[in-house]
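Okay, structure first, notes after.
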Amino acid sequence: MTNKGNYYITTAIAYASGKPHIGNTYEAVLADAIARYKRAEGYNVFFQTGTDEHGMKIQEKAEAMGITPKEYVDDVAGQIKSIWDQVDTSYDKFIRTTDEDHEKCVKKIFKKLYDQGDIYLDSYEGLYCTPCESFWTESQLVDGKCPDCGREVKPAKEEAYFFKMSKYADRLIDYINEHPEFIQPVSRKNEMMNNFLLPGLQDLCVSRTSFSWGIPVDFDPKHVVYVWLDALTNYITGIGYDPDGSTDQFKAFWPADLHLIGKDIVRFHTIYWPIFLMALDLPLPKQVFGHPWLLQGGDKMSKSKGNVIYADDMIDLFGLDATRYFVLHEMPYENDGIITWDLVIERFNSDLANILGNLVNRTISMSNKYFGGVVRSTGVTEAVDEDLKKVVTGTLAITQEKMKSLRVADCITEVFGLFRRCNKYIDETEPWVLAKDEAKKDRLAEVLYNLVESITIGASILHPFLPETAEKIVAQLNTTLRDFDELDQFGLYESGKKVTDAPQILFARLDAKEVMPKIEAIQAAQKAEYEAEQIRLNGGVAPEAEKEDDVIDIEAKPEISFDDFEKMQFQVGEIIACEAVEKSKKLLCSQVKIGSQTKQIVSGIRKYYSPEEMVGKKVMVLVNLKPAKLAGVLSEGMLLCAEDAEGNLALMTPEKTMPAGAEIC
């Protein structure tokens with residue numbers, strides 16, 4: 001494999017405030033897939049991830065538990081690292097912001113920026129959100145609450161050091177305009193420019209005195225370095241940056257090729273971080289990619305509801321690579337993805353068990369049945385072989401093009417397209433028919449050789465995404481994974497080799513009736529754990545249950561512009577038919593008349609409405625939602641519901657009689 005040079009990829013470091021759910025874990029798996037793919041292409045990859053461990057929130061949680069902040073973060077960081085290991089992330093470094101070398105370097109960076117006049121001492125008075133560790137002005141609040149998380153803010157005043165953001169703002173604007181690839185997807189770039197940079201930047205508070213759990217400012221120790229100057233610098237401290245002289249590793253790998261982060265922290269990585277780097281006279285990372293979120297169906301994840309999905313639970317139920325497959329394949333490039341237990345089971349059976357697992361098992365079983373497991377190339381070819389070979393040898397180039405723009409889900413779809421083509425080839429060549437004619441024995445051998453060779457190539461491309469499965473496949477074929485340099489060549493499998501005589505089923509089909517009780521047990525355990533935690537935090541007393549007429553505080557989502565709102569089309573729809581979705585306990589499939597058209601819409605409301613109740617209702621419909629499949633059924637929109645504190649749902653219906661198709665504005 002030709003060495004293509006160095007490649008440095010990072011995830012955001014996970015905040016050590018609790019166990020990460022599957023949406024958080026997705027980022028680590030995505031970064032791992034990219035890192036493995038780059039290694040397979042011939043790059044010398046350095047993959048860094050880790051934990052962000054300072055701040056008021058952690059100090060308060062530790063105090064509530066009666067332990068030190070360091071004891072608290074040691075436990076949580078251990079949980080995070082364990083989960084990253086369970087999902088088989090091939091990181092080269094797991095950095096913690098409590099690492100001694102990181103803390104030492106952050107102190108030097110702060111002093112350097114202060115000495116050169118980029119940091120100055122002043123005082124700050126404003127409204128402070130503890131969970132977000134952010135100050136806000138009155139005008140920035142939304143309904144009097146934090147614009148980021150929707151929680152309460154409290155007045156706060158304290159002496160603080162500030163960074164002169166405005167000094168570098170114009171330079172950053174020019175850089176972004178000159179480097180369109182810097183912030184991806186493009187929608188994230190537009191948001192940063194229009195909402196933050198162009199209106200003008202305020203100077204940034206970079207130290208705190210109201211809590212002590214942080215890196216002390218060495219020349220003014222009553223201050224601790226504020227979270228973002230501490231956390232963001234991990235990307236350079238972790239590979240050897242030092243203001244007094246950096247290591248050879250830093251010189252080899254910086255600037256980073258890719259910062260992979262969640263879309264909620266794009267602002268910090270594309271405004272604060274580049275400006276810090278400019279002040280340090282360092283090159284900016286080549287690309288910051290703000291990936292979308294993975295959401296739990298149409299519901300938000302909540303421990304109180306017992307609907308939080310964790311990677312370790314998924315692995316216990318479905319296996320490692322099934323978990324990796326789902327989070328990688330089901331996440332769109334730009335829009336949020338959806339995860340439900342029903343959907344995981346469906347994908348497991350349809351894609352992993354049927355398309356891939358069945359293909360490998362059939363191929364090996366036929367090789368054993370007809371030739372004692374010996375795979376031979378006889379040269380007896382037909383026209384149908386050429387199309388198979390063209391698809392197989394062309395797949396790598398297509399995936400490489402997809403990976404250039406980080407379209408990982410599309411890349412996996414192409415690999416499974418190769419396996420689908422193999423299944424079609426079996427139907428086209430009908431090996432069981434060839435086996436009945438002794439004169440066609442050599443043709444049968446060639447067909448099976450073509451299948452084994454195709455599967456070997458497919459497994460080699462699949463390896464960065466599902467490493468365990470790819471290795472199992474080639475082991476059963478008695479071969480090894482191929483270098484990417486060889487994957488455009490067909491016929492490298494050694495003729496005369498013998499496949500295993502005892503093929504192992506890669507993915508046994510799941511019965512939802514057997515899986516769901518296990519899921520319900522996990523959910524019940526979550527609720528019990530949550531209730532016990534609330535009692536402990538409440539001094540041993542169970543908190544009072546919420547009354548039905550209590551006001552419900554909903555966690556605020558990020559603000560959208562009026563232009564974004566204008567893109568959504570709401571209309572009154574009339575449900576003219578409805579039935580339960582066969583593969584799901586939660587879903588109803590409705591035929592909804594909207595003006596002159598009828599749309600099919602799948603909704604998770606079966607617990608609250610029977611199909612008979614639905615027919616004839618006038619409902620509020622989000623009409624222009626991108627179609628998606630739920631439990632294998634196409635859904636072409638969304639019925640809007642209200643939800644109370646207990647999670648009960650009620651359809652939104654017009655107050656007065658309105659015709660189907662009436663616009664909601």
Side-chain angles (χ1 to χ4, degrees), residues 8 10 12-13 46 48 50 52-55 93 95-124 133 135 158-175 182 201-209 211-256 259 267-286 288:
Y8 180 31
T10 71
I13 49 177
F46 193 87
Q48 181 169 295
D52 173 11
E53 302 183 14
H54 293 124
K93 179 160 186 172
I95 190 172
R96 298 178 56 185
T97 56
T98 54
D99 289 342
E100 184 179 351
D101 54 351
H102 173 78
E103 292 192 347
K104 182 179 178 181
C105 190
V106 169
K107 290 179 181 180
K108 288 185 179 182
I109 289 171
F110 196 98
K111 182 68 161 57
K112 175 181 172 64
L113 296 175
Y114 176 78
D115 287 345
Q116 66 190 37
D118 287 313
I119 289 177
Y120 63 93
L121 183 64
D122 203 337
S123 62
Y124 196 100
E133 301 194 16
F135 276 106
E158 63 180 273
E159 180 183 84
Y161 285 92
F162 290 81
F163 187 98
K164 296 179 181 177
M165 302 297 287
S166 56
K167 176 179 175 181
Y168 297 93
D170 289 344
R171 181 174 161 189
L172 179 57
I173 290 170
D174 290 342
Y175 183 89
F182 176 54
L201 291 179
Q202 295 182 340
D203 288 351
L204 179 69
C205 175
V206 290
S207 79
R208 301 298 310 281
T209 59
F211 61 91
S212 59
W213 181 238
I215 301 172
V217 175
D218 58 357
F219 58 87
D220 194 350
K222 66 178 179 290
H223 289 259
V224 293
V225 178
Y226 190 37
V227 58
W228 289 110
L229 187 55
D230 168 12
L232 290 165
T233 52
N234 91 89
Y235 302 128
I236 54 177
T237 66
I239 56 170
Y241 173 75
D242 190 312
D244 296 333
S246 299
T247 64
D248 289 341
Q249 183 187 50
F250 176 77
K251 295 171 184 175
F253 282 96
W254 191 260
H259 287 327
R267 171 164 53 104
F268 308 106
H269 284 78
T270 60
I271 297 177
Y272 297 175
W273 180 226
I275 285 178
F276 293 159
L277 290 168
M278 287 176 175
L280 293 171
D281 198 25
L282 292 174
L284 272 54
K286 296 175 186 176
V288 178

I'd like to know if the side chain of Thr209 and the backbone of Ala160 have a donor-acceptor N/O pair within less than 3.5 Å.
no

Any donor-acceptor pair under 3.5 Å linking the side-chain atoms of Thr10 with those of His259?
yes

Crowded around Asp281 CG? As in, over 12 foreign heavy atoms under 6.0 Å?
no

Distance in Å, Met165 CE paired with Cys205 SG, rounded so as to fall on 0.5 Å steps
12.0 Å

Inspect the surroundings of CD in Gln202 and state if more than 12 heavy atoms from other residues, nucleotides or ligands are less than 6.0 Å away.
no

Pair Phe219, Val217 - check side-chain contact (heavy atoms from CB on, under 4.5 Å), show working.
CA-CA 6 Å; Phe219 58 87; Val217 175; 3.6 Å; yes

Is there a side-chain contact between Thr233 and Trp273 in this structure, where contact means two heavy atoms from C-beta onward sitting under 4.5 Å apart?
yes

Indicate the atoms forming the closest heavy-atom contact of Ala169 with Leu201, along with that distance.
CB-CD1, 3.9 Å

Going by heavy atoms in the side chains, are Val227 and His54 under 4.5 Å from each other?
no

Tell me whether Lys104 at atom NZ has more than 12 heavy atoms from other residues, nucleotides or ligands lying less than 6.0 Å away.
no

Phe250 and Ile236: CA distance, side-chain angles, deciding distance, side-chain contact (heavy atoms from CB on, under 4.5 Å) verdict:
CA-CA 7 Å; Phe250 176 77; Ile236 54 177; 3.7 Å; yes

Centre-to-centre under 6.0 Å for Trp228 and Tyr272, is that the case here?
no

Ring centroid separation His223 to Phe110 under 6.0 Å
no

Any non-hydrogen side-chain atom of Cys105 less than 4.5 Å from a side-chain atom of Pro243?
yes

Sub-4.5 Å side-chain heavy-atom contact between Arg96 and Asp99
yes

Identify the heavy atoms of Leu232 and Phe268 that sit nearest to each other, and give their distance.
CD1-O, 3.7 Å

Nearest heavy atoms of Asp242 and Asp244, plus distance in Å
OD1-N, 2.7 Å

Would you name the heavy atoms of His102 and Thr237 that are closest together and state the gap between them?
ND1-OG1, 2.8 Å

With under 30° as parallel and over 60° as perpendicular, where do the rings of His269 and Tyr235 fit, or are they tilted in between?
tilted

Would you check if Ile119 and Leu229 make a side-chain contact, meaning some heavy-atom pair closer than 4.5 Å?
yes

Could you measure the distance from the CG atom of Leu284 to the CE atom of Met278? Nearest 0.5 Å is fine.
5.0 Å

Asp52 CG to Thr97 OG1 distance, which is reported to the nearest 0.5 Å:
5.0 Å

Side chain proximity check, Trp254 to Ser246, heavy atoms < 4.5 angstrom:
no

Minimum heavy-atom separation for Pro285 to Tyr175, with atom names?
O-OH, 4.2 Å

Can you name the closest pair of heavy atoms from Gly240 and Gln249 and give their distance?
N-OE1, 4.4 Å

Could you tell me if the side chain of Ser166 sits less than 4.5 Å from the side chain of Asp203, heavy atoms only?
yes

Can you tell whether the side chains of Lys167 and Asp118 come within less than 4.0 Å, N to carboxylate O?
yes

Are the ring centres of Phe276 and Phe163 closer than 6.0 Å?
yes

Is the backbone N or O of Lys112 less than 3.5 Å from a side-chain atom of Asp115, with the two atoms forming a donor-acceptor pair by type?
no

Leu113 versus Leu280: any side-chain heavy-atom pair under 4.5 Å?
yes

